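Within every chain, numbering begins at 1; the chains are lettered A, B, ... in the order of the sequence lines, protein sequences first and strands thereafter. The figures that follow rest on heavy atoms only: side chains count, while hydrogens, waters and symmetry mates do not. Please read these numbers as outputs of a predicted model, since none were measured by experiment.
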Amino acid sequence: MSNKAGIPQGTRDFNAVTVQKRNYIFNTIRSVFELYGFQPLETPAMENLDTLMGKYGEEGDKLIFKILNNGLDNPAKQAQVTADFQKVLEGKNTKGITERALRYDLTIPFARYVAMNYGQLTLPYKRYQIQPVWRADRPQKGRYREFYQCDADVVGSQSLLNELELTSIYATAFEKLNLPVEIRINNRKILAGLAELCGGLQVMVPITVAIDKLDKIGLEKVKEELAAREISTEQIAIIEKYLSIDGSNAERIDQLKKLMQENATALKGIEELEYILENHPNKNRAEVIVDFTLARGLNYYTGTIFEIKAIGAQMGSIGGGGRYDDLTGLFGVPNVPGVGISFGVDRIYDVLEELQLFPEAVQKGTKVLFFNLGAAESKKAFELMQDLRDRGIACELYHEAAKFDKQFKYAEKKQVPHVIIIGNTELTEGTCILKNIISGGQKTISQTELASQLF
RNA sequence: GAGGGCGUAGCUCAGUUGGUUAGAGCGUCAGUUUGUGGCACUGAAGGCCGGGGGUUCGAGACCCCUCGCUCUCCCCA
């Protein structure tokens, strides 16, 4: 096996059928975004490394794909490059070696864009963005190094109406995709309140990291992890109570209120949560479930957080998002609140495939194949084919004069439903044979009749 | 970052305790069949058995290294 062809780990080629199925997902989500008044935005595949570093936590920084600078082999710069590379070996980033990176998500580039164009934007600015992102992760099931995100964010508005809209977008889009999901929501203020009860905001991150793992590692392991992070026995007891909250949404909120007592931060979070539960408009389309153990990794969230779980499929979350108070502050424009959601298209694809929920009509291709039975015949066929194309019907003429056998097999493999045969006889008579590949039936019609034929 | 599994024809995979010329199905091409496909039959092409080293009279198989793919954990969509 010489020169084996290959593509980078964690990336994929998409064949015709796959692209069509993916477009079905993209188009569905895009149409819902636009229905809710969101406008498209596209940003470059690469960003300045500075823009991305430090935004996704320590783990995230390691997963950013960095782009090597050009011209490192320039002999004149050799001493500097050698010194810079030494820094890289020590684990430091340096502009001498790399100053650009592939985007890691769509939210930070969006924040960068808002900061750069703040004066020109009509606020609140509602944008959607559908583009690939790259992560230097170890690929595995449902995890790729190149994958698409579909984000919708609103910046410049504190209003909880935005949360209602985004909840509704989730419900509507997944209903259109015919995919049953549960929308889990929580509020970072509740988690902050819990942290306040357990020693202060500085323990919020370790607490959220630990409780986020509850359904994976179980209560005992979570408690062990908390203890390892110097959280006292009484405080762990509070967290245990917090985690044991159960029942319907109303029951859960009730229990939480008792636990949180007079904590103002938590009460604010609960109030926001209740508002969304009471007012979101598409209750019949998807279930919204309060999940106090939901934390989400990204540390810029400050209010409502969302996560989407497909019902009946073995898959991690297929979407998520939340509210952030000050995303653009990192780029010099403070006090711009926002809230956003994201759809994980690649995972949605895998789930739709697993549950066989793609509609038949997604696959579309050539409708009519003209047989090629010689020079004069194919010339006429070409003419007639162009008329059909002008009517918007997808057609092909077989690429060379070949035996029937081959032309039929071509039509079958490409699942072309109709073939038109123009041979010697038909050419002189001004007719053509119209054959349905699926039924096998055929009829001879005049070439002029073809213009009114439906396919 | 940690740990499993797998690399044999274009694809999916067999290949016995190590044994002589490495197989099947699908696909491709040709023919049965120069104007009617799917089916069937016949035939052909197609392999440094991922790469390198070692053990052995002998390695696709055993050992070491290496590269690639895949899955799990961490983390995430």
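- Separating the NZ atom of A:Lys409 from the C1' atom of B:U36 is a distance of 13 Å, rounded to the nearest angstrom.
- As rounded to the nearest Å, B:U17 and B:C62 have P atoms that lie 11 Å from one another.
- Distance A:Ile7 CD1 to B:G68 C1': 13 Å, rounded to the nearest Å.
- If you take atom P in B:U12 and the same atom in B:C69, they sit 15 Å apart, rounded to whole Å.
- Side chains of A:Gln129 and A:Asp151: no donor on one and acceptor on the other come within 3.5 Å.
- Using a 4.0 Å heavy-atom criterion, one finds that A:Leu373 contacts no nucleic acid atom at all.
- Contact annotation for A:Asp346: no contact, since no heavy-atom pair falls under 4.0 Å across all strands.
- In a base pair of the Watson-Crick type (N1 to N3 plus N6-O4 or O6-N4) or a G-U wobble (N1-O2 and O6-N3), with each distance short of 3.5 Å, B:U56 is matched with no nucleotide.
- Counted by atom type alone, A:Tyr324 and A:Thr107 present zero donor-acceptor pairs between their side chains at under 3.5 Å.
- B:C76: no Watson-Crick or G-U partner with both key distances under 3.5 Å is found in any strand.
- A sub-4.0 Å separation between OP1 or OP2 of B:A77 and a side-chain N or O of A:Gln149 is absent.
- Under the 4.0 Å criterion applied to side-chain N and carboxylate O atoms, A:Asp346 and A:Arg12 are assigned as salt-bridge partners.
- Between A:Asp105 and A:Tyr56, the side chains place a donor N or O and an acceptor N or O closer than 3.5 Å (distance only, hydrogens not considered).
- Closest approach to the A:Arg138 side chain among B:A77, B:A2, B:G38 is made by B:A2 (side chain taken as heavy atoms from C-beta onward).
- A:Thr18 and A:Asn15 are linked by a side-chain donor-acceptor pair at a separation below 3.5 angstrom, with hydrogens and angles left out of the test.
- If you find the closest nucleotide of RNA chain B to A:Glu307 and to A:Pro139, the one lying nearer the 5' end belongs to A:Pro139.
- Distance from the side chain of A:Lys141 is smallest to B:U72 among B:U72, B:U36, B:G35.
- Looking only at atom types and distance, the side chain of A:Tyr24 has no donor-acceptor partner in the side chain of A:Gln20 under 3.5 Å away.
- Nucleotides B:A9 and B:G5 have their P atoms positioned 22 Å apart, rounded to a whole Å.
- Atom name C1', nucleotides B:C13 and B:U8: the rounded distance is 9 Å, in whole Å.
- Residue contacts shown for A:Ile433 include a base, since a base heavy atom lies under 4.0 Å away.
- Put simply, NZ on A:Lys55 is 18 Å from P on B:C76, counting in whole angstrom units.
- In this structure, A:Ile308 places its CD1 atom 16 Å from C1' of B:C76, rounding to the nearest Å.
- No donor-acceptor contact under 3.5 Å links the side chain of A:Lys403 to the base of B:U33.
- Nucleic acid contact class of A:Thr425 (heavy atoms, under 4.0 Å, all strands): base.
- Between B:A45 and B:A24, the distance separating the two P atoms is 12 Å to the nearest Å.
- For the OP1/OP2 pair of B:G37 and a distance below 4.0 Å, the side-chain nitrogens and oxygens of A:Gln407 include no atom meeting the criterion.
- The P atoms of B:G46 and B:U33 are separated by 28 Å, rounded to the nearest whole Å.
- Of the nucleotides present, B:G5 is the one that pairs with B:C69 by Watson-Crick or G-U wobble criteria, both distances under 3.5 Å.
- For the C1' atoms, the distance from B:C67 to B:A30 is 39 Å, rounded to whole Å.
- Of the listed nucleotides (B:C74, B:G37, B:G35), B:G35 has the atom at the smallest distance from the side chain of A:Asn424.
- Donor-acceptor pairing under 3.5 Å, judged by distance alone, is present between the side chain of A:Arg347 and the base of B:C76.
- Residue A:Glu59 contributes atom CD, which lies 15 Å from atom P of B:C73 at whole-angstrom precision.
- B:C13: Watson-Crick or G-U partner is B:G23, with both key distances under 3.5 Å.
- The separation of B:C71 from B:G23, taken at their P atoms, amounts to 33 Å, rounded to a whole angstrom.
- Heavy atoms of A:Gly423 sit under 4.0 angstrom from at least one base atom.
- Judged purely by distance below 3.5 Å, without hydrogens or angles, the side chains of A:Arg252 and A:Asn249 never pair a donor atom with an acceptor atom.
- Within 4.0 Å of A:Gly440, counting heavy atoms only, lies at least one base atom of the nucleic acid.
- The partner of B:C49 cannot be assigned: no Watson-Crick or G-U wobble pair with both contacts below 3.5 Å exists in any strand.
- For B:A77, the base is stacked against the aromatic ring of A:Phe147, per a cut-off of 5.5 Å between centres and 30° between planes.
- When rounded to the nearest whole Å, the span between CD of A:Gln140 and P of B:U70 equals 11 Å.
- With distances taken from any side-chain atom of A:Arg135 to the nucleotides B:G35, B:G38, B:C76, the minimum falls on B:C76.
- Residue A:Tyr148 is out of contact with every strand shown, counting any heavy-atom pair closer than 4.0 Å.
- Judged by distance alone, the side chain of A:Arg188 and the main-chain N or O of A:Ala295 form a donor-acceptor pair under 3.5 Å.
- Side-chain atoms of A:Glu377 and base atoms of B:G35 include no donor and acceptor less than 3.5 Å apart.
- Listed candidates were B:A30, B:A77, B:U36. Nearest to the side chain of A:Lys406 is B:A30.
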